[in-house]
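By convention in this document, chain letters (A, B, ...) are assigned in the order of the sequence lines, proteins followed by strands, and residues within each chain are numbered from 1. Below, all heavy atoms of this structure are taken into account, side chains as well, without hydrogens, waters or symmetry copies.
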Amino acid sequence: MINIGVLALQGAVREHVLALEAHDVNIIIVKKVDQLDQLDGLVFPGGESTTMRRLINKYGFYQPLKDFAAKGKPIFGTCAGAILMAKELVGQVEPHIAVMDMKVERNAFGRQRESFEATLSVKGIGDDVQGVFIRAPIIQEVGEGVEVLAEFNGEIVAAKEGPFLACSYHPELTDDNRMHQYFVNMVRNCIVPA
Amino acid sequence: MERQTGTDRVKRGMAEMQKGGVIMDVVNAEQAKIAEEAGAVAVMALERVPSDIRAAGGVARMADPTIVEEVTNAVTIPVMAKCRIGHIVEARVLEAMGVDYIDESEVLTPADEVYHLNKRDYTVPFVCGARDLGEAGRRIGEGASMIRTKGEPGTGNIVEAVRHMRMMQSQIKKVIGMSSDELMTEAKNLGAPYELLLEIQRTGKLPVVNFAAGGVATPADAALMMQLGADGVFVGSGIFKSDNPEKFARSIVEATTHYEDYALIAELSKNLGTAMKGIEIATIEKKDRMQDRGW
């Protein structure tokens, strides 16, 4: 069975675990760096990106996460997770783990009262995906190697680059786990020898 | 494309994203920045922290909007603010200002002794305090998207938060273990909506996030509340009434993440300096207990 980790420094970890449980994978809640070695794929959950980044630095996750990505192991980030993955952030000098060639703007739709749900068409998944956007970021620009999977009113909200998948909404807050199925398939197609 | 704002999923989901985190009380931009830098998942913008409210006495109201604005401009993490229980206009004012979450709070002097806010009317989500499952259920029934223990705010004494968290957890377990024909009577006894108990029995948990609040003063206190089943922690006076707020803030954040790593909590607790001076609950007169506000 393949091992998929959920980075559990802060955020909606349980929801990702529940969404992955339906897909016959072994789920590992990652709180320590040495757990990364056993993983075939990793999820960056939603939460507060500034909090997660501070804990990533504090517990020595920064370089190991970059190495994990450099090995070509799949990563799936939702909302704050997508912010961690972006190589460029609007209004910020330094990005975080910086694995995907995209420019992301935090809180791009506004404050919590502007948070919303909308039906999305997501390439490879369907045209009936319920997107839950909570103080959500948008993907302003993507590089050449990045495939845009979904847009909302002209703004990119889901994208894929090789083994990396990012979306600005929260599939883990719905009962629809097709996005997680999509990621599990990416992991299965991409088992890298240790 | 159509967008729907203020749905239950969007309001409750916002609190889900705060899980495993620490929400800190701040009274100005400088404190807000210290909190954000330390890894807080949100800040609560206040005019005074609860221990100062307790000391000052008199009527405690919503903070001056200037403070809320100053804090909002200082950080990128979510900003919460408190309104008085049942004060429709304070809540509307905070919503209009773009506050991300409103705490209808017993720390402030209640504006209505009978009715809490109908929180379903608002686009902004609410957090409310509770001492037991009945109170939590009534608040969720009114539309609260997040619950926290009341504890006894501004005391630096964890005993009341522990009492409230243990009470809620044991009542939740009891409901899960009951047969369906017992639930209506239990709903009547608790004073909680019947449908909520059905939902708890079906899903095995409260439908909203439940944080600890009211007396957290040290990293070990925060870890204790996580072990008792809290989804995260509010720290009021505990940080900025300590000797070294930066260090206290960072340590409480880390202890909340790694609440079962005792060697780490030992490290985090070393040379922290003096925690806030606490208050023994028995020395507080009944009329001064904030947890008895609301019903």
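- Contact of B:Glu254 with chain A is made through backbone and side chain together, with heavy-atom distances under 4.5 Å.
- For the atom pair CG of B:Asp261 and NZ of A:Lys32, the computed distance is 4.0 Å after rounding to the nearest 0.5 Å.
- In this structure, CE on B:Met17 lies 10.5 Å from OG on A:Ser115, to the nearest 0.5 angstrom.
- Closest approach of B:Glu37 to A:Arg54, counting heavy atoms only: O-CD, 2.8 Å.
- For A:Arg135, the part lying near chain B is the side chain, with the backbone staying farther off; criterion is any non-hydrogen pair under 4.5 Å.
- At a 4.5 Å heavy-atom cutoff, B:Met80 makes no contact with chain A through either its backbone or its side chain.
- Looking only at side-chain heavy atoms (C-beta outward), B:Arg3 and A:Asn153 come within less than 4.5 Å of each other.
- Between chain A and the options B:Ile77, B:Thr123, B:Thr256, B:Thr72, heavy-atom pairs under 4.5 Å are most frequent for B:Ile77.
- Contact tally against chain B (heavy-atom pairs below 4.5 Å) for A:Lys31, A:Arg53, A:Arg106, A:Arg113: the top residue is A:Arg113.
- Of the two parts of B:Arg12, neither the backbone nor the side chain holds a non-hydrogen atom closer than 4.5 Å to a non-hydrogen atom of chain A.
- A 4.5 Å side-chain heavy-atom check between A:Arg14 and B:Glu16 finds every atom pair outside the cut-off.
- For chain A, the option among B:Thr5, B:Val41, B:Val79, B:Val22 with the highest count of heavy-atom pairs below 4.5 Å is B:Val41.
- The minimum heavy-atom distance between A:Val132 and B:Arg9, with the atom names listed, is CG2-NE, 3.9 Å.
- For A:Phe109, the part sitting under 4.5 Å from any heavy atom of chain B is the side chain, from C-beta outward, and nothing else.
- In terms of heavy-atom proximity, B:Leu264 sits nearest to A:Tyr59 at CD2-OH, 3.4 Å.
- For A:Thr174, the parts sitting under 4.5 Å from any heavy atom of chain B are the backbone and the side chain alike.
- Heavy-atom distances place the side chain of A:Gln130, and not its backbone, under 4.5 Å from chain B.
- Atom NZ of A:Lys66 has more than 12 heavy atoms from other residues, nucleotides or ligands within 6.0 Å.
- Closest heavy-atom contact between A:Asn107 and B:Thr76: ND2-O, 3.3 Å.
- Chain B forms the most heavy-atom pairs under 4.5 Å with one residue out of A:Ala8, A:Gly46, A:Gly47, and that residue is A:Gly47.
- Nearest heavy-atom pair, A:Gln112 versus B:Pro125, reported as atom, atom and distance to 0.1 Å: CG-CD, 3.5 Å.
- Side-chain N or O atoms of B:Glu2 include none that pairs as donor or acceptor with a backbone N or O of A:Ala118 at under 3.5 Å.
- Among the candidates A:Glu48, A:Glu117, A:Glu172, the residue making the largest number of heavy-atom pairs closer than 4.5 Å to chain B is A:Glu117.
- Between chain A and the residues B:Gly13, B:Gly6, B:Ala42, the largest count of heavy-atom pairs under 4.5 Å involves B:Gly13.
- The part of A:Leu55 that comes within reach of chain B is its side chain, from C-beta onward, which places non-hydrogen atoms under 4.5 angstrom from that chain.
- When every heavy atom of A:Ile134 is checked against every heavy atom of B:Met14, the shortest pair comes out as CD1-N, 3.5 Å.
- In the displayed structure, B:Asn73 atom CG is contacted under 6.0 Å by more than 12 heavy atoms of other residues, nucleotides or ligands.
- A 6.0 Å sphere centred on CG of B:Leu198 holds more than 12 heavy atoms belonging to other residues, nucleotides or ligands.
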